[in-house]
Amino acid sequence: MASPARAQYAAQPSSWPAELELWFALSAGKTRLVRRRHLGPLVVQRPFHPEKDGTCHVYLLHPPGGVAGGDRLDLRFHLDAEARALLTTPGATKFYRSEHSASTQSVDIAIGAGAVCEYLPQETIVFDGADARIETKVSLAPDASYVGWDFLCLGRPAAGERFETGRLSQRIEIVRNGRPIWFERLELQGGSPLLEAAFSLARQPSWGTMVYAGAVADDAAEQVRAAIGAAGDGVFCVSQLEEAVVCRYLGPRVADGKALFVRAWNVLRSLGQGKMAEAPRIWAT
């Protein structure tokens, strides 16, 4: 017999597809949300312009709060030349236990010439027994910039729940002019030895990856390390590749990883855009 906690989130043999497509363009000194299209339970709040350069801050909302078996979320964002947009979510995305079919979230971002997109969602929680598939593809014009992060938490550690059954599949691809500059794929089964192994997740329930693609100083990684300092010992690392800077977190708390990534984001934003990081207001609520 399933436990009450697990039974509560058992998916029904149905699906709830949702789509959200947004277009951004520079107009009168500000980036505007010029067009939107949505289907099902995916919407946006009113755009904000808290920065002097007119960067558009948008909050992506999924009112159900969780993704059940068979559900599919499709998000597509288009940034015209010179547009600047920061996209985030007000809360965690939850992939519930599924006994019938996979749950999918697909994000596709197209960034035009000279444009900047920052995609910084809150964490994704993968419940025990979930069958979650998460895909992100970013297409960059030659001089466009992108910074994006994702945080994943397996199970619900505070409730004593581990990721003992189920499956997590994650795919991230960043291309510039059709040529891949960053690609990563993860396939993880519930209860896998990789959850325990010292060379992989080392019994930690949460991890994060942040990728910056754009013009940046040759010593960007060193500057990020200096900004993180001793706070990153044993849980944070940064690597600088030919066309990307990649930050990693592996530890017990998503909140700790976010705090470190915000420091790194501030450094990379200052180097790439000449301005300090501007945290979305929703993060403070």
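All of these numbers come straight from a predicted model, not from anything done at the bench. In this chain, residues are counted from 1 in sequence order.
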- [ ] Could you check if a side-chain atom of Cys56 sits within less than 4.5 angstrom of a side-chain atom of Lys30, using non-hydrogen atoms only?
- [x] no

- [ ] Output all residues satisfying salt bridge (charged side-chain N to carboxylate O under 4.0 Å, His left out) with Asp256, sequence neighbours left out; order by chain, then residue number.
- [x] Arg253

- [ ] Check the angle between the aromatic planes of Trp283 and Trp149 and answer parallel, tilted or perpendicular using the 30° and 60° thresholds.
- [x] parallel

TODO: Determine the minimum heavy-atom distance between Val245 and Ala220, stating which atoms define it.
DONE: CG2-CB, 4.2 Å

Open item on the list: Do Val67 and Phe127 make a side-chain contact, defined as non-hydrogen atoms from C-beta onward lying under 4.5 Å apart?
Closed with: no

TODO: May I have all residue pairs that pass side-chain hydrogen bond (donor to acceptor under 3.5 Å, both in side chains) and include part of residues 135-146, sequence neighbours excluded?
DONE: none

Open item on the list: Determine whether a donor-acceptor pair (N or O, by modelled atom type, separation under 3.5 Å) exists between the side chain of Asp131 and the backbone of Ser101.
Closed with: no

TODO: Side-chain contact test, heavy atoms from C-beta onward, threshold under 4.5 Å: evaluate it for Val267 versus Tyr212 and give yes or no.
DONE: no

Open item on the list: Taking side chain to side chain donor-acceptor pair (under 3.5 Å) as the definition, give me every residue that meets it alongside Arg84, ordered by chain and number, with sequence neighbours left out.
Closed with: Asp53, Gln273

Task: Residue Asn177 excluded, over 12 heavy atoms near CG under 6.0 Å - done: yes

Task: Shortest non-hydrogen contact between Gly155 and Ile125, atoms and distance - done: O-CG2, 3.6 Å

Sequence neighbours excluded and cut-off under 3.5 Å, please list the side-chain donor-acceptor pairs for residues 178-199, or say none.
unit_1	atom_1	unit_2	atom_2	d
Arg179	NH1	Glu243	OE2	3.4
Arg179	NH2	Glu243	OE2	2.3
Glu184	OE1	Arg248	NH1	3.2
Glu184	OE2	Arg248	NH1	3.0
Glu184	OE2	Arg248	NH2	2.5
Arg185	NE	Glu187	OE2	3.4
Arg185	NH2	Glu187	OE2	3.3
Glu187	OE1	Arg167	NH2	3.3
Glu187	OE2	Ser169	OG	2.9
Ser192	OG	Leu194	N	3.1
Glu196	OE1	Arg203	NE	2.7
Glu196	OE2	Arg162	NH2	2.6

Open item on the list: Please give me the minimum heavy-atom distance between Leu87 and Cys117, naming the atom from each residue.
Closed with: CD1-SG, 4.1 Å

Open item on the list: Taking side-chain hydrogen bond (donor to acceptor under 3.5 Å, both in side chains) as the cut-off, I'd like each qualifying pair that reaches into residues 221-241, sequence neighbours left out, listed once.
Closed with: Asp219-Gln223

Could you list the donor-acceptor pairs under 3.5 angstrom formed between side-chain atoms of residues 39-52 and any protein atom two or more places apart in sequence or on another chain?
unit_1	atom_1	unit_2	atom_2	d
His49	NE2	Thr31	O	2.7
Glu51	OE1	Arg269	NH1	2.9
Glu51	OE1	Arg269	NH2	3.3
Glu51	OE1	Lys275	NZ	2.9
Glu51	OE2	His57	NE2	2.7
Glu51	OE2	Arg269	NH2	2.9

